[in-house]
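Values reported hereafter were calculated over all heavy atoms of this structure, with side chains retained and with hydrogens, waters and symmetry mates removed. Here the structure is a predicted model, which is why all the values come from computation and not from measurement.
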Amino acid sequence: MVAGCVILLLALWQTLPRWLPSLLAHWLPQGSQLTLQGNLHWRQGGLQLDGARFKAQDCLLANLGPTRLAYRQGRWQLLSERASVDTACLSKLPAAAADSPPLALDRLQKRLPPLDLTINQLTVIPWQRYAGQLQLSADAEGQRLHYQGRHLSAEALLDPQQQLRLNRLTVTPPNGERPLRLTGKVAMPLDMASVPEQGALQGEMQTGYLEKPLLLDMRWHHRQGVLTLTEKGDERPLATLPWEVTPQQVSIRQGEWRWPYSQQPLTGGLSIALHDWSKGFDETQVSARLNVITAGHNGKGNAVLTLGPGKIGLTDSDLRFQLTGQANLADFSLTASIPGILGGSMLNPTLVLQPGALLRLWGNATPEMKLEEARLPLAGVKVTANGITGRLQAIINASDSYWGRFKLHLDGKAQDFWPDHGDWQWRYWGNGQLPPLQAAWDVAGSGRWQDSALELDRLSTGFDKLKYGLVTVDAPRLTLSRPLRWQRGQQAPAFNGELQLAASKVSFNDGGHLPAPVLALQLKGSAPDSFQLQGKLQAEQIGPIALRGRWDGERLRGEGWWPKQSLKVFQPLISPDLNITLRDGEFYAQSAFSAARVQGFEAGGHWVVKNGGMWLKDGEMSGLDFVMSYRLKNHRWQLGARRPVMLRIKSFSNLFEMQNITADLQGTYPYDEGAPLTLSNVGVDALNGHISLSALRLPQHDAAVLKLDKVDLSALFTALKPKQFAMSGRVDGELPLYLNHPKWLVHDGWIANAGTLTLRLDKDMADAIGSNNLATGAAIDWLRYMEINRSQARVDLDNLGELTLRARIDGVNPQKNAKREVILNYSHQENVFQLWRSLRFGDNLQEWLEQALSQPGEQQ
């Protein structure tokens, strides 16, 4: 009999995992199941189980790892290696009966034997982040809790009077690095389903928004309390939230908050109500109102966000909201009327904006840009964790102090779009003014942003004209030859595309023009603010000019090479008013340039003309060599930056022949006192002599002297062809030239003979003068032919063109008497501008001789 009982007990022990769960099923909730893993073992004075699983309707609610139960020194000791609880399975448990008494805390405390419970790894799903070790100790003095995890730790004591002393609670919020620390006391209710009647909790938290810790203080009594948030060391709280808890709702009424740390201090109120919260989270109805008061350039503004009533559920939400009002910030304002619905699960909500949703902004977006109005219609837009879906529109009216006024329209469609994720297709159009270039512009195009690739597949933007300095560009237009594509990201960023800029004509202030220029550019780099460019510029037969450069987001730098070309292709660049026809020669050039918003356009390089030839209005030029180095900055040319601009002309034919023309130019144009312009090395072989000009500095301080060296009068008179008289021989002279004198162009100049001069009067002119009276006839006979051995003339020319010439001529008439000296004092005044137009020197001299010789007292 005894042996049979022993055998029966051993059998029951070995089959315990099979029959014990069935036996306990009577006391387990309906639909739940307990499964023991392995057999019970007795080891080292204690029972050991490999594990256990508890399911609620096929949902694994709890999973217990290897566990050991022992009884030592009058205390039960329960040790488990690990345990996990899935809170999502709690909803699978049947609801408690309405007449079942709630669990009383004091009775639970009395029923607990002396116990030491340890779970080395406790995990509560979905808060796996806060997994850690749990230690619970129960005795007559109460229950002590110690929890230690990486992101959560706590120490607490519940005494027999149901007073919970929270000695330490440290928790690190999700996506945070700084923990929240709490301490305090809570009077626990006897009924576990009730809210603690009174308590006080104090906390401290370091945030990334405040330099000092944030202090939390929550106190309550009889279901009412106040939560206060204050920066450490500050007397005024950042938030004061009065709250109340009843069986029907949890509410915050007339809460106040402020945020003085931004550029625009913010204040406002907060009210929240959670209705029917005791029915469970999914059945709780939420309603709230939050307002923000701002003060800025447009006075005070008030924006209000209202929520609900509606619900926020773990699996399904339905909460209406409306954002209305105006916010006035320091530099701009915005108004909103945005109704919407919040749906979906709490972990993945969906935000759908209703018809009439509109956001408007205006003000000073930056110190330079004034946003007159930006309208963003938002109706139908849906926002989820995957991105934005719906029609995206914007209408912007703005003006920039530098770039001028403009208006832009944007319209597109997005599908699950966030930057570098999803798809967004758009088109745009607009127009505006560009005061720096005195232009009006328009733009239109379309593009797409798909994942990390941004593409502009169509672009057409043009100007009615562009005017910069001495240049005017007619009807330029920029288009795409190949789409612009920007592959964003850190791995392999890329930016490339091809542009074409064409214009009908580029005109210069002097009357020349560049016919139909076309600039083609290839762009290649890593981003729109970092790329290299390469291309060419051609204007019909002019060019192509090879270009290359780079853009760094602030400055455009580049170089250009102009290959050798026949000089004849540049005929359009010369004003038709000059009546110049290019005949032969070669031209080539090289330039470097830089452009930025503040500095404007800068350039530097050199131009070279070799053996140029051209037909002029009244002659021709050949053997032209021209070398010019230059710099252009702030609309000013620095000519001859390293060495002077050099002009050399072998031959120039107009009224008379000129050879070996030279001129050097160095300085700044337009010039001023601090940056002068100097013309030097000016000389020409003409009239069988040499004519030169001393250095001319602009602005002029000293006269530039025009020197005549052995100029042949016979060659001059042959070119001018006067009929009334002729002269031969050579003269020297110096004519001081003034360009900015208040009165004179030439002052105190002189001309003198350089050897013997001869003067011959036309016979018909002399006979006509001498026939008037006998005395005049006798005098004119001495002047019919003269050999002049000394002549001296003083020359003055004012800036109105009045020429004053005072001359003394000493000579003889060898045909009359080689020993009798003839002295002629000659004074003449003439408007040289009219004289040069007529070139009738002989007529003027004949008139003077008639007047002078008719007065006997003036002849000798």
Side-chain angles (χ1 to χ4, degrees), residues 402-406 428-445 456 458-484 497-523 531 533-549 551 556-563 565-578 582 587 589-597 600-603 605 607 630 632 635 637:
Y402 182 82
W403 298 111
R405 184 183 300 274
F406 60 90
Y428 57 92
W429 64 97
N431 55 71
Q433 302 291 325
L434 192 62
L437 300 178
Q438 304 178 32
W441 58 269
D442 64 88
V443 65
L456 190 64
R458 186 174 64 88
L459 169 67
S460 176
T461 179
F463 302 84
D464 58 345
K465 64 177 180 179
L466 292 177
K467 187 172 181 61
Y468 188 86
L470 306 177
V471 179
T472 301
V473 184
D474 295 335
R477 183 156 292 274
L478 178 67
T479 56
L480 291 178
S481 303
R482 195 180 73 179
L484 279 176
E498 293 185 10
L499 305 173
Q500 178 175 288
L501 177 61
S504 60
K505 184 172 65 172
V506 178
S507 304
F508 306 100
N509 282 4
D510 61 1
H513 73 279
L514 187 65
V518 177
L519 173 63
L521 291 175
Q522 298 176 353
L523 311 180
F531 63 83
L533 59 89
Q534 187 172 356
K536 63 180 181 179
L537 172 63
Q538 189 157 6
E540 295 183 354
Q541 298 182 7
I542 300 176
I545 305 170
L547 298 171
R548 71 180 183 187
W551 167 251
L556 175 66
R557 297 179 177 90
E559 297 176 301
W561 293 268
W562 204 319
Q565 285 191 278
S566 171
L567 205 60
K568 292 188 291 184
V569 302
F570 298 100
Q571 186 66 49
L573 298 178
I574 300 176
S575 172
D577 298 337
L578 298 177
L582 299 177
F587 171 86
Q590 182 175 347
S591 178
F593 58 86
S594 174
R597 173 174 175 174
F601 181 77
E602 297 182 6
W607 298 345
Y630 70 92
L632 174 62
H635 306 289
W637 295 82

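- The distance from atom CD of Glu540 to atom CG of Leu514, rounded to the nearest 0.5 Å, is 8.5 Å.
- Using a 4.5 Å cut-off on side-chain heavy atoms (C-beta onward), Leu459 and Tyr428 make contact.
- Listed here is the closest heavy atom pair of Pro544 and Pro563: O-CD, 3.2 Å.
- A heavy-atom distance below 4.5 Å is found between the side chains of Leu567 and Phe587.
- Pro515 places a side-chain heavy atom less than 4.5 Å from the side chain of Ile542.
- Here the closest heavy-atom approach between residue Ala439 and residue Leu466 is recorded as CB-CD2, 3.7 Å.
- Trp562 places none of its side-chain heavy atoms less than 4.5 Å from the side chain of Trp607.
- The 12-atom threshold is exceeded at CD of Glu559, counting heavy atoms of other residues, nucleotides or ligands nearer than 6.0 Å.
- The closest side-chain heavy-atom distance from Trp403 to Leu434 is below 4.5 Å.
- No side-chain heavy atom of Leu519 sits less than 4.5 Å from a side-chain heavy atom of Leu499.
- Here the OG-CG distance, from Ser481 to Leu501, works out to 10.5 Å after rounding to the nearest 0.5 Å.
- Summarising the geometry of Ala595 relative to Phe601, their closest heavy-atom pair is CB-CD1, 4.1 Å, with the distance given to 0.1 Å.
- A distance-only check finds no donor-acceptor pair linking the side chain of Asp474 to the backbone of Ser504 [under 3.5 Å].
- The heavy-atom pair separating Gly511 from Pro576 by the smallest distance is O-CD, 3.9 Å.
- In the displayed structure, Lys467 atom NZ is contacted under 6.0 Å by more than 12 heavy atoms of other residues, nucleotides or ligands.
- Without hydrogens or angle criteria, Gln541 side chain to Lys568 main chain gives no donor-acceptor distance under 3.5 Å.
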Next item on the list: Please lay out, stage by stage, how Leu523 and Leu484 fare under the test side chain to side chain contact (heavy atoms under 4.5 Å, CB included).
Entry: CA-CA 8 Å; Leu523 311 180; Leu484 279 176; 3.9 Å; yes
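- In terms of modelled atom types and a separation under 3.5 Å, the side chain of Gln565 and the main chain of Gly543 share a donor-acceptor contact.
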Check: What do the steps show when you test Phe508 against Val471 for side chain to side chain contact (heavy atoms under 4.5 Å, CB included), and what is the final call?
Finding: CA-CA 5 Å; Phe508 306 100; Val471 179; 3.9 Å; yes
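- Between Trp429 and Val443, every side-chain heavy-atom pair lies at or beyond the 4.5 Å cut-off.
- In this structure, the separation between CD on Gln522 and CZ on Arg548 is 14.0 Å, given to the nearest 0.5 Å.
- Summarising the geometry, atom CZ belonging to Phe570 is positioned 9.0 Å from atom CG belonging to Leu582; distances are rounded to the nearest 0.5 Å.
- Summarising the geometry, atom CD1 belonging to Ile545 is positioned 12.0 Å from atom NZ belonging to Lys536; distances are rounded to the nearest 0.5 Å.
- Annotation: Arg477, atom CZ; neighbour count of heavy atoms from other residues, nucleotides and ligands within 6.0 Å is above 12.
- Atoms CG and CZ, on Asn431 and Arg405 in that order, are 11.5 Å from each other to the nearest 0.5 Å.
- Nearest approach of Val473 to Ala503, heavy atoms of both residues: CG1-CB, 3.6 Å.
- Distance alone, capped at 3.5 Å, places no donor-acceptor pair between the Ser575 side chain and the Gly512 backbone.
- Atom CD of Gln534 is surrounded by 12 or fewer heavy atoms from other residues, nucleotides or ligands within 6.0 Å.
- Pairing each heavy atom of Gly497 with each of Arg482, the nearest pair is N-NH2, 3.9 Å.
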